[in-house]
Amino acid sequence: MSRGGVSTPILHVDMDAFYASVALRERPDLVDQPVVVGGSGRGVVLAANYVARRHGLRSALPMTRARRMCPQVVVLEPDYALFTAVSASVMETFREVTPIVEAMSLDEAFLDVRGSTRRLGDPPDIAERLRSTIHDEQGITCSVGVAATVSVAKLASRRAKPDGVIVVPPAEVTSFLHPLDVGELYGVGEKTQALLHRFGLMTVGDVAHTPLRTLQRAVGAHLGRELHHLAWGTDRSDLAPSAGPHEPDKSMGANETFARDTDDRDFIVRELLRLSARVGGRMRSAGVAGRTITLTVRFADFTTITRSRTLSEATDVTVEIHRAVTRLYDALGLQRARLRLVGVRVEGLVPRSSVQRQLVLGEPEHGWAEADRAVDRATRRFGAAAVRPASLV
DNA sequence: TCTGGGGTCCTAGGACCC
DNA sequence: TCTGGGGTCCTAGGACCC
């Protein structure tokens with residue numbers, strides 16, 4: 001350890017099979033059985049415990065396939081309110097270690113512990129201490145990667161799973177990274193992995209030793225540069241603390257996969273209203289409005305298209321969102337095409353207070369914003385189920 | 001009766017403006 | 001009258017992440 005600062009100040013903490021672990025706290029009788037958290041019907045596996053993983057079950061696997069692969073699997077419904085509450089407690093534990101916490105999702109975060117070593121010891125000690133605190137307080141396990149940069153810490157935590165710690169000192173970064181498959185790198189998914197493999201780049205070491213220009217020709221200027229850094233472990237080590245009022249969302253949306261494919265326009269337009277109401281309600285409670293409205297349509301064969309329209313001024317009004325997506329839908333001119341999903345998204349969000357509504361005299365629109373506020377008030381008092389547009393009743 | 005839902009970012013072409 | 005060079009906005013698609 002060098003004097004004047006630790007060499008591996010970044011911790012990546014990742015809960016092990018988070019949703020499944022939390023769900024199993026409520027059902028300790030099931031811990032030795034294969035358990036997944038997931039929806040029913042056309043859903044996918046959201047989390048699989050380690051017993052289920054021995055049967056090949058993984059996140060994102062279609063539930064139908066999961067049941068076929070492991071008929072005895074126990075499926076638990078997700079309880080997002082519970083997951084969110086546990087996550088908040090865990091994040092609180094992180095902030096007792098350091099104020100510099102960058103949350104990536106409900107179940108993982110980066111911590112910069114540079115300022116905590118005098119009080120709490122070296123980063124590996126801090127990692128172990130965190131793990132035992134979380135285990136004692138929450139009854140779930142986590143894994144921690146400790147390194148000098150964000151991406152190396154993240155890869156280390158993955159390697160540490162389940163229930164472990166891996167420290168990668170600077171001198172060992174390349175020997176740790178270079179044997180890994182390119183698909184392990186952050187930002188390399190299925191498509192880019194296949195592309196890189198086709199170029200003969202199988203490992204992170206292969207990527208590291210490819211000239212930058214060649215890499216950029218293969219995957220584009222931006223990703224090429226990014227991969228070069230990741231392959232040498234020279235990515236960022238500065239975190240963007242997500243405590244307190246963090247970055248506002250840039251878009252909000254909702255989509256729904258139907259229980260069965262449909263070409264029924266009336267049904268689809270009603271679904272668009274539900275989704276518009278959900279998005280509009282969330283926008284209003286967040287105090288934002290947006291100008292660009294996007295419709296997503298996924299056909300039965302899974303091909304997916306989007307159509308968007310930018311309005312002259314930002315809105316958070318359910319009826320206006322719904323009208324925009326309905327127009328986009330009708331403009332598609334679909335005849336008999338069966339749809340499996342529709343989605344509504346509003347982009348370019350700005351604080352509602354910054355939007356100057358032009359009040360056109362006698363404009364019939366006028367009343368809709370007030371109607372939304374009434375719906376929002378009623379929803380807060382009686383719940384979402386009690387308040388919905390007449391055409392949805 | 002394979003393939004969720006909520007997001008972010010990048011690319012690329014065309015329009016439009018200076 | 002033989003061809004610029006940005007910069008910004010809009011649209012569509014695609015890849016990726018958790």
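Residue numbering restarts at 1 for every chain, and letters A, B, ... go by the order of the sequence lines. Please read these numbers as outputs of a predicted model, since none were measured by experiment.
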- Of residues 204-221 of chain A, the positions that come close to DNA chain B - non-hydrogen atoms, cut-off under 4.0 Å: none
- Task: Check whether any side-chain N or O of A:Ser308 sits under 4.0 Å from OP1 or OP2 of C:dC10, and answer yes or no.
- Result: no
- Message: Does anything in residues 253-274 of chain A come within less than 4.0 Å of DNA chain B? Heavy atoms only, and list the residues if so.
- Response: A:Gly253, A:Ala254, A:Asn255, A:Glu256, A:Thr257, A:Ala259
- Could you work out the complete set of other residues in the hydrophobic cluster of A:Val73, with links drawn between I, L, V, M, F, W and Y side chains under 4.5 Å apart? A:Val36, A:Val45, A:Leu57, A:Leu61, A:Met63, A:Met69, A:Val75
- Query: Restricting to pairs with a member in residues 217-232 of chain A, which pass salt bridge (charged side-chain N to carboxylate O under 4.0 Å, His left out), not counting sequence neighbours?
  - Reply: none
- Query: Does anything in residues 66-94 of chain A pair up under side chain to side chain donor-acceptor pair (under 3.5 Å), and if so which pairs, sequence neighbours excluded?
  - Reply: A:Thr93-A:Glu137
- Could you work out the separation of B:dT1 and B:dG5 based on their P atoms and round it to a whole Å? 14 Å
- Query: Just by protein heavy atoms under 4.0 Å, how would nucleotides 13-18 of chain C read 5' to 3' in B, S and -?
  - Reply: S-SSSS
Using nucleotides 6-8 of chain C, report all nitrogen or oxygen pairs with the protein that are shorter than 3.5 Å.
none

- Task: Under 3.5 Å for both distances, Watson-Crick or G-U wobble, that's the pair rule; now give the dot-bracket for DNA chain B, with | marking pairs to another strand and [ ] for crossing ones.
- Result: ....||||||||||||||
- Message: Counting only heavy atoms and a strict 4.0 angstrom limit, can you tell me which residues of residues 49-63 of chain A come near DNA chain B?
- Response: A:Pro62
- Apart from A:Val350 itself, its cluster of hydrophobic side chains linked below 4.5 Å comprises A:Val355
- Interface with DNA chain B, restricted to residues 34-45 of chain A and to heavy atoms under 4.0 Å: A:Arg42, A:Gly43, A:Val44
- Query: In the hydrophobic clustering that connects Ile, Leu, Val, Met, Phe, Trp and Tyr at side-chain heavy-atom distances below 4.5 Å, which members other than A:Val269 occupy its cluster, ordered by chain and number?
  - Reply: none
- Determine, using the 4.5 Å side-chain heavy-atom cutoff (strictly less than), whether A:Val37 and A:Leu82 are members of one ILVMFWY cluster. yes
- Whole Å only: how far is the CG atom of A:Asp301 from the P atom of B:dT3? 13 Å
- Note on the structure: A:Leu341 CG to B:dC2 P, in whole Å, measures 17 Å
